[in-house]
4 protein chains.
Amino acid sequence: MMEGGLSAATMEAIAARAGVGKATIYKWWPSRGAVALEGFMVSAADSWSLPEGASASEALRLLATSAVRLFVDTPAGQLMRSLAADAQSQPEIALALREQWFRPRRAVVVEIIRQGIENGELRADLDVAATVDLVFAPVYYRLLFSHEPLDEEFATRSIEHVLHGIAARE
Amino acid sequence: MMEGGLSAATMEAIAARAGVGKATIYKWWPSRGAVALEGFMVSAADSWSLPEGASASEALRLLATSAVRLFVDTPAGQLMRSLAADAQSQPEIALALREQWFRPRRAVVVEIIRQGIENGELRADLDVAATVDLVFAPVYYRLLFSHEPLDEEFATRSIEHVLHGIAARE
Amino acid sequence: MMEGGLSAATMEAIAARAGVGKATIYKWWPSRGAVALEGFMVSAADSWSLPEGASASEALRLLATSAVRLFVDTPAGQLMRSLAADAQSQPEIALALREQWFRPRRAVVVEIIRQGIENGELRADLDVAATVDLVFAPVYYRLLFSHEPLDEEFATRSIEHVLHGIAARE
Amino acid sequence: MMEGGLSAATMEAIAARAGVGKATIYKWWPSRGAVALEGFMVSAADSWSLPEGASASEALRLLATSAVRLFVDTPAGQLMRSLAADAQSQPEIALALREQWFRPRRAVVVEIIRQGIENGELRADLDVAATVDLVFAPVYYRLLFSHEPLDEEFATRSIEHVLHGIAARE
DNA sequence: CCGTAAGCGAGACGGTACGTCCCGTCTTGAG
DNA sequence: CTCAAGACGGGACGTACCGTCTCGCTTACGG
């Protein structure tokens, strides 16, 4: 997948590259997407570090920038692009991706936001789900459409804007 | 595409459904993605209405909610999902999508934001590109991953949060 | 047909080469085979000269050698190969070929043989149809299968063998 | 091929009829002609019986009549027609047909004729290649052009004429 | 002498078959 | 027994021609 582009990652190519029969792959994963998902989960496994006791704003900034690093510096970016593509036509992939990747990750962020609200760092009237989306959506948006460069500075600024708003303070 | 899901929209099926030979389709469009792109552009053609003289915040809210309506109420949603998927492995599709859809649309939003800054409605120190992303990214994010419902209320709240920030005011 | 081999002689190529629309060809001929047949008939038109008053054996020799010349020296050879090929799967071509080419030509030969029998030059107990075949078959056989060179010497020897037999005279 | 005529024997039809994917056929044979050739060779495999110790004339008669039987009574006739047609535009088919079918078969006949010459049964001054053609050409000629019926009687008479000549004995 | 209709080039069209690629399943043979 | 290797039935791909059709252009004929 990293070598010939996403579309070169056929099951046959994966098997040949791994020096393995196709049947063996099908024994362990039901589809190409499942292979990619597992590859992605492995690739992303160590991107979960969050400093204990950080402020909510600091935590959100860290989450956004480490997502960028994950996508830019590791195969996880390509894998996520492949998964996102597959998810559009294969509901099982979409489901697995939601359950295994997005759900637990979002749960963490929800918790961070809740604590931020509780300790008065964040507004009390937030739509929490929408807030989670505001943290991550820009990263995925640029990953998938590449209309602008995806880098940590972008993530940092996005989070800053989300935190303090883009409207001028009167 | 609307009938059998994205993956049923093979060139052969499209041709058969249109009562047309495959060669005819290839004469006019170079690939399935190009067909989808044109279908999408047609579908989305009339979603460009912006009231003259609206405030920046009102305009951004309208853009976000009308994007939601476009994706939810018309085939454009399915078509965009298909295009986003294809764009991951076909650079020509990615390019065409950026040039024909995102670029002009973003240009409009950039202008709105610029005017908002000028007339003091928006902060002067904004990263304009990042701000554009904050308007649209949440909509595409939910369209593509379906982790949470995509509706106008969500868009409205996202924009509200982006405008005024999620951080508590001291 | 002479330029790119038999299989390059598509209707489209013929039309383009002639600087003519396909429809015009279909207006005058019902199929590619009909075009080839007419081309062949024209090509072969002047190969019918038979000296009056020749002996039967001389006439048969002339017929065989002039068939060879026709096939070797003019486009008629290629055209006949094409027609023979088409005739295997298109009964109309086979019929037209028989009626327009073989029948009149064979009639001439039948007459020559009859006269040869009458004037005592040929055996009286001949199977005339089989005899006609013996005159022409070797030429077509080599034309179509090219297992051995097709030249006038071959035709001459064939006719000689047919005339006097291959069995030793006791 | 036997069911719908030669032109119905498309690769797709052959595959469907055989309950097989097209790719499987292409894995084993490079073209439709190669399939036909192998089918023909199988069909014709057991048509090689020649009684030991027969006279040359008897052997030639047997060869001609058994060729007729092969073409009339088995699928080999249709297959040969198809092969002859393909050979006109596909040199590989022509070559394979010559090498695998005509060459070995002609070699046998050459040997028969040589022995016939040696033991005084046949003329010593024969053009052997032309003689071989005289034995088989009439059969192929009628097979391919169908201008007259192809039957054993025809083959027998042809051989008789070839053996003893069509010229009257003085 | 020009307006108009016929004739034709060009090629778009609905279709069929091509030969290829990859899918997901099944079979085989070596370790 | 397991598994690599890969054959297999299947389906879509993108291409080449088929035979039909509709366009405009041009050309020459009749008013």
Side-chain angles (χ1 to χ4, degrees), chain A residues 4 6-35 86 89-90 92, chain B residues 4 6-35 86 89-90 92, chain C residues 4 6-35 86 89-90 92, chain D residues 4 6-35 86 89-90 92:
Chain A
L6 300 188
S7 59
T10 65
M11 278 304 224
E12 241 141 50
I14 294 171
R17 179 69 165 67
V20 141
K22 279 193 291 178
T24 305
I25 297 184
Y26 280 104
K27 181 162 294 174
W28 294 98
W29 298 277
S31 69
R32 196 187 71 115
V35 178
D86 288 356
S89 58
Q90 291 160 246
E92 322 81 56
Chain B
L6 299 189
S7 58
T10 65
M11 279 302 224
E12 235 144 53
I14 293 171
R17 179 68 166 68
V20 140
K22 274 193 293 178
T24 302
I25 298 184
Y26 282 105
K27 185 162 291 174
W28 294 99
W29 296 277
S31 68
R32 198 187 69 115
V35 178
D86 286 356
S89 58
Q90 292 160 245
E92 321 82 54
Chain C
L6 300 189
S7 59
T10 65
M11 278 304 223
E12 240 142 49
I14 293 171
R17 178 68 165 68
V20 141
K22 277 194 290 177
T24 304
I25 298 184
Y26 281 104
K27 182 163 294 174
W28 295 97
W29 297 277
S31 71
R32 196 186 71 115
V35 178
D86 287 356
S89 59
Q90 292 161 246
E92 321 82 54
Chain D
L6 299 189
S7 59
T10 65
M11 279 304 225
E12 236 143 51
I14 293 171
R17 178 67 165 68
V20 140
K22 274 194 293 178
T24 303
I25 299 185
Y26 282 104
K27 184 162 292 174
W28 294 99
W29 297 276
S31 68
R32 197 187 69 115
V35 177
D86 288 356
S89 58
Q90 291 161 246
E92 321 82 55

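Just so we're on the same page: letters track the sequence lines, and every chain starts at 1. Only a predicted model underlies this, so the values are computations on that prediction, with no experimental measurement involved.
Separation of atoms CD1 (B:I25) and CE (B:M11) is listed at 6.0 Å; rounding is to 0.5 Å. Annotation: the span from D:I14 atom CD1 to D:R17 atom CZ amounts to 10.5 Å, rounded to 0.5 Å. To the nearest 0.5 Å, atoms OG1 (B:T10) and NZ (B:K22) are separated by 8.5 Å.
Contact annotation: side chain of B:K22 to base of E:dG14, donor-acceptor pair absent below 3.5 Å.
Counting all heavy atoms, side chain and backbone alike, D:S89 lies closest to C:S7 at CB-CB, 3.8 Å.
Residue A:R32 contributes atom CZ, which lies 12 Å from atom C1' of E:dC23 at whole-angstrom precision. Nucleotide E:dC18 holds its P atom 12 Å from the CD atom of D:Q90, rounded to whole Å. A straight line from CD of D:E12 to C1' of F:dG10 spans 12 Å, rounded to a whole angstrom. For the pair C:W29 CH2 and F:dT20 C1', the computed distance is 18 Å after rounding to whole Å. Rounded to whole Å, the distance from CD1 on A:I25 to P on F:dG6 is 15 Å.
Dashed line: the shortest gap from a side-chain N or O of A:T24 to OP1 or OP2 of F:dC3 is not under 4.0 Å.
Residue B:W28 is the one, among B:W28 and A:Y26, whose nearest nucleotide of DNA chain E lies closer to the 5' end (criterion: closest heavy atom). Taking for each of B:K27 and D:M11 the nucleotide of DNA chain E with the nearest heavy atom, the 5'-most of the two is the partner of B:K27. Between B:A9 and A:G19, the residue anchored nearer the 5' end of DNA chain F, judged by the nucleotide with its closest heavy atom, is A:G19.
Of the candidate nucleotides F:dG19, F:dC17, F:dC13, F:dC17 has the atom lying nearest to any side-chain atom of B:A23.
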